[in-house]
Every structure is written in structure tokens, then in C-alpha cells.
Amino acid sequence: MLDIRLIRTSPDQVVAALSKRMPEDQARAKVDEVRHTDELLRKALQESEELKAEVNSASKSIGLLMREGKADEAAKVKDRVRVIKESQPQRDALARELDEAVQSKLGVLPNLPDESTPAGGEENNVIVRSAGTPKQFDFPPKAHWDLAADLDLIDFARAPKLAGSGFILYKGLGAKLERALIQLMLDLHIDKHGYTEWQTPFVLNRESITASAHIVKFTPEMYHDAADDLFLLPTAEPALVNIHRDEILDGDTLPLNYVAYSPCWRREAGAAGKDTRGLLRVHQFDKVEMVKYTHPETSYYELEKMLSNATDVLDLLNIPYRIVQLAAGDLSFSAAKCYDIEAFAPGAKAWLEVSSCSNCTDFQARRAAIRFRAKQGAKPELVHLLNGSGTALPRVFAALLENHQNADGSINIPEALQPYLGGLKKIG
RNA sequence: GGAGGGGUGGCCGAGCGGUCGAAGGCGCACGCCUGGAAAGUGUGUAUACGGGAAACCGUAUCGCGGGUUCGAAUCCCGCCCCCUCCGCCA
């Protein structure tokens with residue numbers, strides 16, 4: 001959620017920033033709508049509060065009069081209060097209505113892109129750097145769906161029987177490889193990068209989902225249990241962000257660096273057709289997620305650190321990748337700046353998005369009411385929240401198979417991963 | 001799922017219809033005392049929103065939502081969460 005006060009005091013600045021991710025007239029119209037409704041709200045609120053103040057002081061005087069035994073005078077004041085209160089329900093209703101209107105109009109405005117974020121849509125994404133040299137094959141490299149099927153790592157044929165298409169059924173060494181990758185990533189972030197591990201519920205209630213703004217982004221994308229109104233995690237990010245919801249943190253403890261493994265569920269309704277083969281786009285996948293709670297001044301520095309924490313995974317696995325900075329129009333709703341990491345998959349001949357590292361500034365923290373005190377007695381300030389995948393498993397699994405395949409269809413296991421597979425150097 | 005008990009400020013804990021944003025204590029901050037410290041002592045110490053240049057003022061908040069009342073932390077109803085016991089269960 002954006003700061004309503006910024007919209008009040010600097011609407012042009014807000015419109016200019018939003019225009020990087022949507023047509024300017026559209027941005028202008030949305031901002032003006034918020035301002036207009038907000039003005040009405042404040043007027044209504046003021047009027048209502050003045051009358052409430054009058055009622056409060058009258059009620060106090062009634063108490064005093066009663067104690068002094070002046071019951072008839074007290075009765076007169078009571079009558080006056082009753083008159084004021086008769087019209088109070090309408091005023092309250094109006095104020096509530098306007099407040100809800102402001103919240104919902106404000107709620108659809110996405111975060112303001114950072115200065116360094118390019119304007120425009122996907123076509124303006126920038127490749128920041130590439131790392132690793134794609135291996136030159138002296139044979140046509142196979143796609144991971146063929147490799148995985150041939151090596152009996154994934155049972156693509158039987159999987160749909162269990163929960164429909166888009167679900168993976170890992171088998172034998174395939175399941176173990178998945179587990180090993182999760183372990184490697186967690187250990188790396190915990191031991192080398194200083195993150196604290198959490199194991200969270202895999203479902204969240206509506207309050208939590210709403211607080212981190214995922215309800216806007218994900219509602220139709222999320223699996224939802226109607227009986228208890230619980231949502232399956234689309235990512236562990238909202239779980240990690242809600243840990244400190246409605247809290248005022250001690251500034252000395254920042255930044256908080258959290259990491260969690262979780263399965264992620266996404267309905268991806270209507271996405272059928274593109275990138276659906278193999279592991280490219282599935283309804284349930286494993287992910288190791290990083291979240292940082294930071295001081296506002298250090299959030300962009302922390303974003304760079306988080307990005308390198310994520311690329312360390314690919315470096316360890318010897319998978320070539322490139323870093324793409326997203327243009328404003330391609331940013332997720334809460335992000336001000338975002339880097340995608342794309343792993344190269346020589347078999348599928350594609351760049352696969354395996355991580356997305358975003359600085360959401362104070363956008364999520366505002367709705368979730370996550371603040372910190374710089375020092376004792378200082379006014380609470382909103383923290384900045386960052387999230388990044390470190391990394392998403394299926395596409396890393398795919399890139400691993402495709403990059404390290406041999407002519408005979410076997411797969412070399414990168415050295416760093418071998419300890420997690422009992423020293424295994426090769427599959428097949 | 002059933003029965004009972006409970007949710008008050010950073011923490012502990014009083015309050016059970018008016019003077020209560022809330023006693024007292026702990027913690028914390030600043031001052032006094034001290035050669036320095038401890039002890040002692042004094043003062044201060046919630047959050048959000050609105051108004052105001054500011055001082056400050058107003059409104060709301062005692063788990064959440066509603067109700068009764070001129071007035072609710074206090075009474076009533078619903079929900080959520082925690083604890084104890086019972087049942088079921090990996």
C-alpha cells in the first residue's frame with residue numbers, strides 16, 4: 001500500500017513514478033480518485049469527531065452533575081447528547097464507506113518503481129550481466145523431460161492420475177536429488193550467508209495473505225480451502241513477512257535475514273499452452289525463499305546482497321545464468337526494483353527464471369504494520385521488506401540435468417552437491 | 001469435538017459502570033546523589049488517524065466485532081486465540 005500522505009502532498013511525484021509502469025492518464029486518474037475520496041473522508045471524519053468530542057465532554061459533565069445531586073440539570077444535558085447521537089449512525093456509516101473507498105482505491109495502486117527501474121514493459125528489461133559459459137556440446141543436448149524420464153527420475157506418465165496435469169511425481173534418485181538441492185540451498189544461506197531458517201505453516205489465513213498484498217496479486221492463482229478459509233502458500237514469502245506483522249522491532253536487530261523452504265502452489269489458471277512441458281510450469285513446486293527486513297537506508301544495498309546470495313546457488317551448481325533487471329511494467333505489484341535470475345537450459349534452448357529478487361520498500365510493511373524504532377524513544381518507522389528466491393527448484397533441477405548431461409544420457413553431479421547425495425558423482 | 005479458566009501498556013499486574021490511556025512494580029531514558037559505580041532518589045516513558053508552523057488539541061484503541069447506557073477495560077451477545085481436563089488421532 002502506498003502512503004496516503006505522499007499522495008496528498010506530492011500527487012505529481014506519485015503520478016510520474018506510476019507512469020513508468022502504466023499509461024500516464026491512467027495513473028493520473030487513479031491518483032486523483034484517491035485524493036478526491038480522501039478529502040471527502042477527512043471532512044466527514046472531522047465533523048464526526050467534533051460531535052463525538054462534544055458528546056464525550058457532555059457525558060463527563062453528567063457524571064459530575066449526578067455526584068453533586070443536580071439530577072435535573074443532568075437530564076437536560078442527556079437530552080442534548082441524545083439529539084446529537086441520533087444522527088451519529090449516518091455520519092459513522094458515511095465515514096466508514098468513504099474509508100473503505102479510500103482503502104480500496106489506494107489498494108489497487110502498485111508500488112512506485114525505484115529511480116533505477118527502467119520505464120515501460122517487458123521489452124525494456126535490461127540484461128545486467130551474464131555468468132558462466134554455456135557448455136559446447138558435441139551432440140544435440142536433450143531436454144530435461146527426456147533426460148528425467150530416461151533416467152527414471154520423474155514419472156511424467158503417472159503423475160496426472162494423482163492430481164491432474166501440472167504436478168510432478170519424483171521417483172527414486174529424482175526425489176533424492178530434489179531433496180539434496182533443497183538441503184544445499186538451505187545450508188548455503190544459513191551457514192555462508194547468515195540467514196535464519198524458519199519452517200512455516202504451508203497454509204495462511206486471509207489476514208496474513210491480505211497483509212502482504214498477495215490477495216491482490218494471487219487470489220485466482222491460489223489454492224484455497226473454503227472450509228477454513230485458508231490459502232496454500234503461493235510462495236513462502238507471505239509466511240515469512242507475516243511473522244512480524246503488527247510489531248515494532250528493535251532497530252538494532254535489523255536487518256533480519258530469513259530463509260525458508262516450502263512447497264509453493266499456484267493454480268496458474270489459463271496458462272496452459274506455453275512452457276508447460278516437463279518442469280517449466282507446474283502447480284506445485286519446491287522453493288527456498290529469502291526475506292529481509294531492513295532499515296530504509298540500506299534496502300537497496302541488501303537487495304544486491306540478496307541477489308548475490310541467490311546467484312551463489314547457481315555458481316555452486318555450475319549452471320550458466322544471466323541477471324535481468326525488470327522494467328517497471330514487468331514488476332510485481334509490491335516491488336520497486338527487481339532482478340530476475342535466468343538459468344540457461346541448453347536442451348530446452350531457453351532461459352529459465354529461477355529466482356526473482358525484489359525490494360518492496362515500505363509497501364508491504366505499511367499494510368502489515370511492520371515497524372522498527374531506530375533507538376529508544378524514537379518514533380517507529382516502517383521497515384523495508386525484500387524477498388528473493390534462493391532458488392526455485394524445478395527449473396534448477398531442469399537446468400542441472402540439461403547442462404551436465406553427457407552423450408550417453410548420464411548426468412554429472414556438481415561437486416558441491418555430491419555430499420548431499422552420498423558422494424554420488426554421476427546419475428545413469 | 002465437549003467441559004472449565006483466561007486474554008489489560010515493552011514485560012508483570014491492579015481495576016469490574018463516570019474523575020481510566022488506564023494504579024503499582026519491573027525494564028528503559030534523562031537528572032540528582034557518588035571520586036566512579038551500585039544502592040537510593042526525582043522526572044519521563046503506548047500506537048494510529050485528523051487538525052496545527054509549533055506548543056499542543058481532538059478522535060480511536062484494555063484479543064476482535066456487535067449491543068446496552070448520557071457514559072464501558074468494567075455489563076450482554078458472537079467470534080478468535082491461549083491454558084487445564086476429557087474425547088479422537090500421526
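By convention in this document, chain letters (A, B, ...) are assigned in the order of the sequence lines, proteins followed by strands, and residues within each chain are numbered from 1.
For A39(B) and G27(B), the P atoms lie 8 Å apart once the distance is rounded to whole Å. Between the C1' atoms of G9(B) and A46(B), the separation comes to 6 Å (whole Å). Taking atom P on both nucleotides, C62(B) is separated from U74(B) by 8 Å, rounded to a whole Å. U19(B) sits 14 Å from G71(B) when the P atoms are compared, rounded to a whole Å. If you take atom C1' in G21(B) and the same atom in A14(B), they sit 15 Å apart, rounded to whole Å. Nucleotides C20(B) and A72(B) have their C1' atoms positioned 11 Å apart, rounded to a whole Å. Rounded to whole Å, the separation between the P atoms of A55(B) and U47(B) comes to 15 Å. Comparing G40(B) with U61(B), their P atoms are spaced 39 Å from each other, to the whole Å.
R366(A) comes within 4.0 angstrom of no nucleic acid atom, judged by non-hydrogen atoms across all strands. Across all strands, A58(A) comes closer than 4.0 Å to no nucleic acid atom at all (heavy-atom distances). Within the 4.0 angstrom heavy-atom criterion, only backbone atoms of the sugar-phosphate kind lie near N56(A); the bases stay farther away.
Sequence order on RNA chain B of the closest nucleotides to R96(A) and K78(A) puts R96(A) first from the 5' end. Position along RNA chain B of the nearest nucleotide to E50(A) versus G63(A) favours G63(A) as the more 5'-ward residue.
Between D312(A) and K192(A) there is no salt bridge, since no side-chain nitrogen of the basic residue lies less than 4.0 Å from a carboxylate oxygen of the acidic one. At a threshold of 4.0 Å, the pair E415(A)-K425(A) does not count as salt-bridged, since none of the basic side-chain nitrogens sits closer than that to a carboxylate oxygen. Ion pair R371(A)/E381(A) not flagged as a salt bridge, since none of the NZ, NE, NH1 or NH2 atoms sits closer than 4.0 Å to an Asp/Glu carboxylate oxygen.
With hydrogens and angles disregarded, no donor-acceptor distance shorter than 3.5 Å links the side chain of R35(A) to the backbone of R8(A). Here the side chain of R266(A) pairs a donor or acceptor atom with the backbone of P234(A) at under 3.5 angstrom. The backbone N or O of R245(A) sits nowhere less than 3.5 Å from a side-chain atom of N242(A) that would complete a donor-acceptor pair.
Ring pair Y258(A)/H244(A): centre-to-centre distance below 6.0 Å. Aromatic ring centres of Y170(A) and F397(A) lie closer together than 6.0 Å.
The heavy-atom pair separating D114(A) from S116(A) by the smallest distance is OD2-OG, 2.6 Å.
Of all nucleotides in RNA chain B, those with any atom nearer than 4.0 Å to a heavy atom of chain A start and finish, going 5' to 3', at G18(B) to G71(B).
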Check your understanding: Where does RNA chain B pair, written as one dot-bracket string 5' to 3', with Watson-Crick or G-U pairs under 3.5 Å, ( ) inside the strand, [ ] for crossing pairs and | for another strand?
Key -> ((((((((.[[[..)..(.....]]]((((((.......))))))((((((....)))))).[[[[[..)....]]]]])))))))....
